[in-house]
2 protein chains.
Amino acid sequence: MVFTPVRQARASGEIVLQIERAIFDGELRPGDRLESERELAEQFSVSRITVRDALRVLEARGLINVKVGATGGAFVSETNLDQVVGSISTMIALRKMTLSEPAEARTVVETATAELAAERADDAAIQRVGETVERGRSVVREQLPHTEASMDFHVAIAEAARNELLCATVRAYRDLLMQTLDDMRDVRSARATQKAHEEILEALRARDGEAAGKLMLEHLRDFEKRLRRYLQTKDATSDGRSQRKPAPRTARIERIERLRRASSR
Amino acid sequence: MVFTPVRQARASGEIVLQIERAIFDGELRPGDRLESERELAEQFSVSRITVRDALRVLEARGLINVKVGATGGAFVSETNLDQVVGSISTMIALRKMTLSEPAEARTVVETATAELAAERADDAAIQRVGETVERGRSVVREQLPHTEASMDFHVAIAEAARNELLCATVRAYRDLLMQTLDDMRDVRSARATQKAHEEILEALRARDGEAAGKLMLEHLRDFEKRLRRYLQTKDATSDGRSQRKPAPRTARIERIERLRRASSR
DNA sequence: GGCCGCGAATGGTACTACCATTCGCCGCGC
DNA sequence: GCGCGGCGAATGGTAGTACCATTCGCGGCC
């Protein structure tokens with residue numbers, strides 16, 4: 001059978017495709033407002049219910065966001081991976097992935113981005129990396145949480161590598177680790193992190209890809225090690241549930257929900 | 001403001017959270033069937049509409065799938081990242097990335113996965129990689145398109161690396177490249193690809209991570225080179241649209257739709 | 001000139017009804 | 001007794017209507 005169905009199983013599916021297509025074709029650009037649900041229903045010759053089903057799907061995919069009120073409606077969203085990242089988090093939690101998975105994935109991806117960044121970053125990009133390092137330094141000095149500054153540094157590196165896909169990947173991994181990292185902050189490791197960052201920045205400025213990659217690798221391996229140790233002590237001090245037992249589900253849920261709230265802000 | 005809203009903006013959102021939570025907590029396991037929409041509506045004290053809105057969202061997130069009919073209903077799906085991977089592909093396509101980006105990203109990620117695979121794959125996984133190589137060989141012999149077999153090989157490697165997040169990343173990259181690769185098939189490169197795959201498999205069997213990584217790196221660098229050359233000749237022979245012009249949107253849409261069809265099968 | 005309130009537009013939800021699909025069960029025919 | 005076909009029930013999909021809550025703009029009032 002080489003033919004495709006003449007219509008989607010659901011009418012709402014067809015609507016999703018059409019709107020999606022309009023967005024891809026550029027007929028709808030980020031920020032544009034779709035017609036109201038009632039108008040769309042008329043245009044598609046379906047009921048409002050069907051239109052709403054379609055909008056729900058598009059919303060869940062992060063393609064649009066919906067506001068209520070007089071000037072409300074469905075707006076094509078700026079392309080961002082927040083929704084997708086949320087879905088990934090959900091899936092990962094469901095699969096009971098350990099946090100070491102994103103940590104490991106991050107290590108391999110960011111080692112490469114560091115190399116690339118050193119080789120092809122323009123001055124402005126390096127400048128931006130430098131600013132994040134600067135911010136990190138003052139944060140360490142005042143003994144404030146270092147997590148966010150640290151993450152900004154890594155994203156800046158990825159941006160300097162001039163590959164949007166890698167950058168998106170790094171951001172996704174970052175979001176996965178973010179919430180947990182907030183808990184494991186401690187001053188000593190913040191200082192070590194800051195030192196590593198400054199060394200990497202030097203390598204970037206020297207345009208030494210090999211060194212940058214090597215330093216980043218060390219830095220992230222060290223991070224992986226700290227994370228593992230942290231998870232162990234946490235498991236040990238908790239109420240005895242080990243990795244083999246069902247799961248520390250509740251804690252995980254809270255993290256997920258926190259993440260979702262954060263991304264919806 | 002440290003307080004959280006007492007309820008979700010939408011009732012359907014609250015329902016999503018509750019069902020999601022039930023899945024996380026293990027009260028609902030993959031394969032389980034939720035109550036019918038009418039029953040759920042009664043339990044939640046809302047209308048069927050609201051329940052359906054919630055189910056749409058959960059479905060879009062890949063947490064459940066819905067069947068019609070007497071024995072139909074919403075079933076907790078086996079956790080798989082297909083929906084998520086699809087969303088990523090959509091987002092990436094929206095950002096109008098050039099094909100060289102996924103190619104490059106793929107190079108760095110898969111080099112690492114090859115190393116990891118060699119170091120930690122179990123025999124069954126290597127066996128599966130071997131099967132894809134075998135299939136590739138017969139495909140080459142009969143001069144059939146090599147793309148799919150080749151991609152299967154790379155996914156098998158990622159699975160062997162025992163890191164689901166990396167595996168999902170590889171699959172996402174793969175989907176992005178797939179369609180274009182279909183066009184650039186040529187017998188010579190298929191043979192070169194096959195040869196590279198067989199060498200990598202050898203390295204895997206020898207548990208030589210360094211060699212596997214090195215071979216994969218060469219293999220993918222070579223692929224990047226071929227891709228670039230192919231894109232150049234294609235640009236030259238096409239109607240002159242360059243990377244700077246708006247975009248070859250239509251082609252991209254078709255690809256996306258093909259992709260979606262493929263993943264929904 | 002600024003503030004308040006009213007009304008219109010819009011999404012959110014409810015209720016009802018009917019259709020299409022699917023499957024199990026029962027009865028009919030072999 | 002066995003199998004097959006059809007009927008009916010359960011379920012999701014869609015339609016239509018109505019009403020509520022939110023939001024914003026506009027006009028009138030202070």
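Basis for what follows: all heavy atoms, side chains included, without hydrogens, waters or symmetry-related copies. Protein chains get the first letters and strands the later ones, always in sequence-line order, with residue 1 at the start of each.
For the pair A/Asn65 CG and C/dG11 C1', the interatomic distance rounds to 13 Å; values are reported in whole Å. Between the CZ atom of B/Arg38 and the P atom of C/dC15 there is a distance of 14 Å, rounded to whole Å. Residue A/Glu39 contributes atom CD, which lies 13 Å from atom C1' of C/dG11 at whole-angstrom precision. Here C/dC18 presents its C1' atom at 11 Å from CZ of B/Arg48, a figure rounded to the nearest Å. Put simply, CG on A/Asp53 is 15 Å from P on C/dG11, counting in whole angstrom units. Atoms CD1 (A/Ile15) and C1' (D/dG13) sit 12 Å apart, rounded to a whole Å. Atom NZ in B/Lys67 sits about 21 Å away from atom P in C/dA20, given to the nearest Å. What separates CD of A/Glu37 from C1' of D/dT14 is a distance of 15 Å, to the nearest Å.
With distances taken from any side-chain atom of B/Val46 to the nucleotides C/dA14, D/dC24, D/dG13, the minimum falls on C/dA14. Counting only heavy atoms from C-beta on, B/Arg10 has its side chain closest to C/dG12 among C/dG12, D/dA15, C/dA9.
Under 4.0 angstrom from either OP1 or OP2 of D/dT11 there lies at least one side-chain N or O belonging to B/Arg33. Taking 4.0 angstrom as the limit, B/Thr50 places a side-chain polar atom (N or O) nearer than this to OP1 or OP2 of C/dA14. Contact between the side-chain N/O atoms of A/Arg52 and the OP1/OP2 oxygens of D/dT14 is not found at any separation under 4.0 Å. At the phosphate of C/dT13, neither OP1 nor OP2 sits under 4.0 Å from any side-chain N or O atom of A/Arg56. For A/Ser47 and D/dA15, the shortest distance from a side-chain N or O to OP1 or OP2 is below 4.0 Å.
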Worked verdict on A/Arg21 versus A/Glu27 for salt bridge (Lys or Arg N to Asp or Glu O under 4.0 Å): CA-CA 9 Å; A/Arg21 179 165 196 144; A/Glu27 293 165 27; over 6 Å; no
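Along DNA chain D, the nucleotide nearest to B/Ala74 and the one nearest to B/Ile49 differ in position, and the one closer to the 5' end is contacted by B/Ala74. Nearest-nucleotide positions on DNA chain C for A/Leu34 and B/Val68 put A/Leu34 closer to the 5' end.
Within a 6.0 Å sphere centred on CG of B/Asp122, other residues, nucleotides and ligands contribute more than 12 heavy atoms.
A salt bridge does not link B/Arg128 with B/Glu131: every distance from a Lys NZ or Arg NE/NH1/NH2 to an Asp or Glu carboxylate oxygen is 4.0 Å or more.
The closest donor-acceptor contact from the side chain of B/Ser77 to the backbone of B/Leu63 lies under 3.5 Å. A donor-acceptor contact shorter than 3.5 Å links the side chain of B/Thr169 to the backbone of B/Leu165.
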